[in-house]
Structure formats: structure tokens, C-alpha cells
J.: 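Below you'll find the structure I mean.
Everything quoted here is computed from the prediction, not taken from an experiment.
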Amino acid sequence: MEEVWIKDEFIKLGQALKLSGEAGSGIDAKSIIQDGEVTVNDEVEFRRGRKLYKDDIFSYNGKEFIVKNRSESHPTQEYFIPD
């Protein structure tokens, strides 16, 4: 499972897909989500504006991502996705 680090309290699903590198643009993210290809906490999600909070898990294309807040252990990084 990969980590997606955010600086705010939440991130919208479409933004999270772009941040994770799984969507190249907002239009790509919108299509992926509307086609029912993304799950959030094991449930199919069709809203790209769905807010993801710390420890929410989203999945796409066989990959899982967990949302982490920078205040936990990376106080100076805005966004961080390990390789």
C-alpha cells in the first residue's frame, strides 16, 4: 500500500488520484471515477468530490493508497509519495 501525504484536513478523490499519479488530469480522474473503477474504503465511489481524510484508503487499477496527514510525521512536506 502506498501513502499519499496531504497538508490539509482532507483531499478530494479526484485530486488524490492525480497526486498518486494514477490520473494525469482532472478529466482523466473524472472518467475513472464515473466509470466505477475506484473504491474508497472498499466501496465503489462515483463522486470525484468525495472527501478523503486521514487513514482513508482508495484503490484503483490494482493499487491501494492510504491518505496520511503531514502533521503526523512529515511536518515540512506538503505532499509525499514514496517510490
J.: Are Val40 and Ile57 side-chain neighbours, meaning at least one heavy-atom pair lies under 4.5 Å?
T.: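 No, their side chains stay 4.5 Å or more apart.
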J.: What are the two closest heavy atoms between Arg48 and Ile33, and how far apart are they?
T.: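 Scanning both residues completely, I find the closest heavy atoms to be CB-CD1, 3.4 Å.
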J.: Counting distance only, does the side-chain N/O of Asp55 pair as donor-acceptor with the main-chain N or O of Ile66 below 3.5 Å?
T.: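 Checked: no pair found.
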J.: Taking side chain to side chain contact (heavy atoms under 4.5 Å, CB included) as the test, write out the residues that go with Thr39, two or more places apart.
T.: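 For Thr39 the side chain to side chain contact (heavy atoms under 4.5 Å, CB included) partners, ignoring immediate neighbours, are Val44, Ser59.
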J.: Are the side chain of Gln34 and the backbone of Ser31 linked by a donor-acceptor contact shorter than 3.5 Å?
T.: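 Between the backbone of Ser31 and the side chain of Gln34 there is no qualifying donor-acceptor contact (under 3.5 Å).
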J.: Could you grab the distance from atom CD of Glu64 to atom CE of Met1, nearest 0.5 Å is fine?
T.: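 Those atoms lie 4.0 Å apart.
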J.: Show me the pairs that pass salt bridge (charged side-chain N to carboxylate O under 4.0 Å, His left out) and involve residues 22-38, at least two apart or across chains.
T.: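 Residue pairs passing salt bridge (charged side-chain N to carboxylate O under 4.0 Å, His left out), neighbours aside: Glu22-Lys63.
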J.: I want to check something: taking the side chain as every heavy atom from C-beta on, are Leu52 and Phe58 in contact at a cut-off of under 4.5 Å?
T.: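 They are in contact (side-chain heavy atoms under 4.5 Å apart), so the answer is yes.
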J.: Look up atom NZ in Lys68 and atom CG in Asp56, then write down how far apart they are to the nearest 0.5 Å.
T.: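 If we round to the nearest 0.5 Å, Lys68:NZ and Asp56:CG are 11.0 Å apart.
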J.: Kindly write out the residues that satisfy salt bridge (Lys or Arg N to Asp or Glu O under 4.0 Å) with Lys51, not counting sequence neighbours, or none if the list is empty.
T.: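 Lys51 satisfies salt bridge (Lys or Arg N to Asp or Glu O under 4.0 Å) with no other residue.
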J.: At their closest point, which heavy atom of Ala23 faces which heavy atom of Ile32, and how far apart are they?
T.: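 Smallest heavy-atom distance, with atoms named: CB-CD1, 4.1 Å.
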J.: Is there any ring pair (Phe, Tyr, Trp, His ring centres under 6.0 Å) pair reaching into residues 24-54, and which pairs are they, with sequence neighbours excluded?
T.: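 Listed once each, the pairs are Phe10-Tyr53.
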J.: Which one of Leu19, Ile11, Leu13 satisfies the side-chain contact (heavy atoms from CB on, under 4.5 Å) criterion with Gln15?
T.: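 The option that passes is Ile11.
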J.: Just to verify, what does Glu45 make a salt bridge (Lys or Arg N to Asp or Glu O under 4.0 Å) with, not counting sequence neighbours?
T.: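 So Glu45 forms a salt bridge (Lys or Arg N to Asp or Glu O under 4.0 Å) with Arg47, Arg50.
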